[in-house]
Number of protein chains: 2
Amino acid sequence: MADTARRPEPRYGTRPTMKDVAARAGVGLKTVSRVVNGEQGVTPDTERRVQEAIDALGFRRNDSARVLRKGRTASIGLVLEDLADPFYGPLNRAVEEVARAHGALLINGSSAEDPDREQELALALCARRVDGLIVIPAGCDHRYLEPEIKAGVATVFVDRPAGRIDADAVLSDSFGGARSGTAHLIAHGHRRIGFVGDLPRIHTASERLRGYRTAMAEADLAIDDAWVSLGTTAPDRVREAVTAMLAAPEPVTAIFAGNNRVTVTAVRVLAAHHRPVALVGFDDIELADLLDPGVTVIAQDAAALGRTAAERLFHRLDGAADAPSRVVLPTRLIARGSGEIPPPADG
Amino acid sequence: MADTARRPEPRYGTRPTMKDVAARAGVGLKTVSRVVNGEQGVTPDTERRVQEAIDALGFRRNDSARVLRKGRTASIGLVLEDLADPFYGPLNRAVEEVARAHGALLINGSSAEDPDREQELALALCARRVDGLIVIPAGCDHRYLEPEIKAGVATVFVDRPAGRIDADAVLSDSFGGARSGTAHLIAHGHRRIGFVGDLPRIHTASERLRGYRTAMAEADLAIDDAWVSLGTTAPDRVREAVTAMLAAPEPVTAIFAGNNRVTVTAVRVLAAHHRPVALVGFDDIELADLLDPGVTVIAQDAAALGRTAAERLFHRLDGAADAPSRVVLPTRLIARGSGEIPPPADG
DNA sequence: GTGAAAGCGCTAACAG
DNA sequence: CTGTTAGCGCTTTCAC
């Protein structure tokens, strides 16, 4: 107590350096460095003295300085769409686990589906000299990353491919998934099937639409323009779109929902609707099995997406210099009831 | 093409520096620094020349070096339990938004509810010299952070308080929420109420248990040991606990679930049970309103938790040196049906 | 086994 | 308006 009163607290933000530790232990700077990094060639006695000084001073190595000298930061960046979206949680976590296994930290941020923000964030990460970058693209033009990639920032795109540059990508089979989901509805007797998707500039959204169109064409079914609605996944927008499809003179008897956000809103609208309408959603959602009817979905493995992308990234960091690759992971149809509802007898 | 063949590609990982830019533009180093940082006092003509050199060389400022010189990294660390847990998504995102508004990046990682991993992660972030740290504690002893805090790392704990040190904390009212949720079940006629919670060493878990006990005591209801189960939130463990409570000779007629993970599993078990059992869960869960019955919950505002903690952090970084504070955010009971199921007439 | 000196790329402080 | 010098805290190199 008296001690505290007499001697001023160490200035905030001032931390002991290796030099301070060296002075206190009565050794050279390099010896401290050796001890801190567990290098060979230090007498047990010297080591003990250094360690005491470290503890007494509360020293912790400044990795910023270390990075500057060594050139690698042992950190990777992840740009995703929204940290709060449950779909990206497992992906994020999977990337983290791989990074951790390689001794790297993860810096991440949300683009909020805004291309400018994506670029701002990705370039900020490059300025921090992350060793590698994993990007879930919001934009369609990634030429802004070319100098960075050339300079050695390993870059892998996940969930959606890069635009206008050639780069590694790890994707889910959006086309195939949407095609099989739509075919599933057709197999259950539906002819008028609606498609509610995300913004058309988003690669996954357009691929899923293409899958839907393909399945319809394969069954020789024409598509009425009124059955297709693309736009943001804001609940109001989706609610309106679904409601309109159901209120038409010849209403759709089934709906294919383009992603998890859309599915959730579609479930809400259909629950309040006066007659059963079939539904298949892209992406699995929690508790989907407990709803009545259970929600039939095209599930993708978000964790596998993240893990595969991160592994590819570290493979590159380990020196792999092969041509950019594109990995496509399969999706899986999980039938739970909503996708097996038949069309009305009079439909 | 011929050009590529003749001149070797720039070595991977070698990037131009301000010195290179200066040489190319024929100006001094400091002038480049001025242009890069948008400082005053550069002739438009000089600026243009520098900018041309920057573009030609693909220069990007190395923030690692900048950090070393300036002392602040403009980044904060967030240690949470699991990036994949939907409860932490909105919290994470809220922290990110505040950080972004202050020009800071977010480095985050999962402790996986392991105190050692929490410590390892937090100290790694300190070594990176994050300006501040937001921690959702897994452990109960945070004295390991004392030297860091003394050295100027602003630290705020969120969701759970720090152990054995005095530090800022932002919490939800776990005690009050659990108490009112239990009281809600009592008000609907229940006398034998089960409590299924998380590991007792977790502060929120013990507080919620205390709330449950208090509500029971206030209604003069004794608690049978068999009605209380604490442990991990692993589905198997929870399933077993709930099943046991329902299979007892005098089974519980209602269950209070201690968090979102527990609630989800409890809903599954109850859905398969032969008679209706009331349920109130802590934390809201998606689609809870669409289940039959809807799940009555004690909702907490995860985004507000994150936002408040981050604001507190930046307040400290702006120099606030007042005593550590504890903020407790209210919870809200949302009645949806499951919590209003009466006990069986013969019960 | 140990330490002194140089330098990573940048910014702060001061000259010109 | 522009440039030079020093140094942030560490690792690398090389000498002792």
Side-chain angles (χ1 to χ4, degrees), chain A residues 11 13-51 53-54 57-75 124 126-131 151-152, chain B residues 11 13-51 53-54 57-75 124 126-131 151-152:
Chain A
R11 254 192 313 136
T14 300
R15 308 198 56 149
T17 70
M18 283 192 181
K19 199 173 152 193
D20 300 326
V21 174
R24 174 155 186 147
V27 300
L29 181 56
K30 178 62 200 177
T31 301
V32 177
S33 175
R34 287 200 180 90
V35 172
V36 168
N37 295 300
E39 284 168 31
Q40 298 256 318
V42 182
T43 309
D45 182 58
T46 312
E47 177 170 353
R48 189 185 43 70
R49 278 192 1 255
V50 170
Q51 194 57 57
I54 288 175
L57 261 34
F59 169 81
R60 181 169 311 284
R61 184 181 65 198
N62 184 334
D63 280 354
S64 292
R66 174 170 225 245
V67 153
L68 183 57
R69 197 57 240 244
K70 300 206 83 153
R72 280 216 171 176
T73 56
S75 61
C126 291
R128 298 292 173 113
R129 294 296 188 265
V130 292
D131 298 332
Chain B
R11 254 193 311 136
T14 299
R15 309 197 56 150
T17 70
M18 282 192 181
K19 201 173 153 195
D20 300 326
V21 175
R24 175 155 185 146
V27 300
L29 182 57
K30 180 63 198 176
T31 301
V32 176
S33 175
R34 287 200 180 91
V35 171
V36 168
N37 295 299
E39 284 168 31
Q40 298 257 316
V42 181
T43 308
D45 182 58
T46 311
E47 177 170 353
R48 191 185 42 70
R49 280 198 352 262
V50 170
Q51 192 59 55
I54 288 176
L57 261 33
F59 168 82
R60 181 167 311 282
R61 183 181 66 198
N62 184 334
D63 280 354
S64 292
R66 173 172 227 244
V67 152
L68 183 58
R69 194 56 239 244
K70 300 206 83 154
R72 281 216 171 175
T73 57
S75 62
C126 290
R128 298 294 172 112
R129 295 293 189 269
V130 292
D131 297 332

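Lettering follows sequence order; numbering is per chain, from 1. Because only heavy atoms are used, hydrogens play no part in the values below, and waters and symmetry mates are left out as well, while side chains stay in.
The distance from atom CE of A/Met18 to atom P of C/dG7 is 20 Å, rounded to the nearest whole Å. Atom-to-atom, CZ of B/Arg128 to P of D/dG9 comes out at 18 Å; the value is rounded to the nearest Å. Between the C1' atom of C/dG9 and the CG atom of B/Leu57 lies a distance of 15 Å, rounded to the nearest Å. We find that CG of B/Asn62 is positioned 18 Å from P of C/dG7, with the value rounded to whole Å. For the pair A/Ile54 CD1 and D/dC10 P, the computed distance is 10 Å after rounding to whole Å. Remark: C1' of D/dG9 and CG of A/Asn37 are 12 Å apart, rounded to the nearest angstrom. B/Leu29 has its CG atom 13 Å from the C1' atom of D/dG7, to the nearest Å. The NZ atom of A/Lys19 sits 12 Å away from the P atom of C/dA5 (whole-angstrom rounding).
For B/Thr46, no side-chain nitrogen or oxygen approaches OP1 or OP2 of D/dC1 to under 4.0 Å. OP1 and OP2 of C/dC10 both lie 4.0 Å or more from every side-chain N or O belonging to B/Ser33.
When side chains are defined from C-beta on, B/Val35 does not count as touching B/Val32, because their heavy atoms never get closer than 4.5 Å. Annotation: side chain of A/Asn62 is not in contact with side chain of A/Arg66 (no heavy-atom distance under 4.5 Å).
In plain terms, the two heavy atoms of A/Asp131 and A/Ala74 that are nearest each other are OD2-N, 2.8 Å. Here the closest heavy-atom approach between residue B/Ala53 and residue B/Arg24 is recorded as CB-CG, 3.8 Å.
Mapping B/Lys70 and B/Glu47 onto DNA chain D via the closest heavy atom, the residue that lands nearer the 5' end is B/Glu47. Between B/Arg60 and B/Arg34, the one whose closest nucleotide on DNA chain C sits nearer the 5' end is B/Arg60. Both B/Lys30 and B/Leu68 lie close to DNA chain C; mapped to their nearest nucleotides by heavy-atom distance, the more 5′-ward contact belongs to B/Leu68.
Nucleic acid contact for B/Val67: none, since no nucleic acid atom lies under 4.0 Å from a heavy atom of the residue. Here A/Ser64 lies out of heavy-atom contact (under 4.0 Å) with every strand.
Judged by atom type and distance alone, A/Arg129 does not reach the base of C/dG9 through any side-chain donor-acceptor pair under 3.5 Å. In this model, a side-chain donor or acceptor of A/Arg69 finds a partner on the base of C/dG7 within 3.5 Å.
Closest contact between the side chain of A/Thr31 and the listed nucleotides C/dG3, C/dT11, D/dT11 involves C/dG3. Out of D/dT2, C/dT2, C/dT11, the shortest distance to the side chain of A/Thr43 is found at C/dT2. Checking C/dC10, C/dT2, D/dT11 against the side-chain heavy atoms of A/Val42 singles out C/dT2 as nearest.
The main-chain N or O of A/Thr73 is found under 3.5 Å from a side-chain atom of B/Arg128 such that the two form a donor-acceptor pair.
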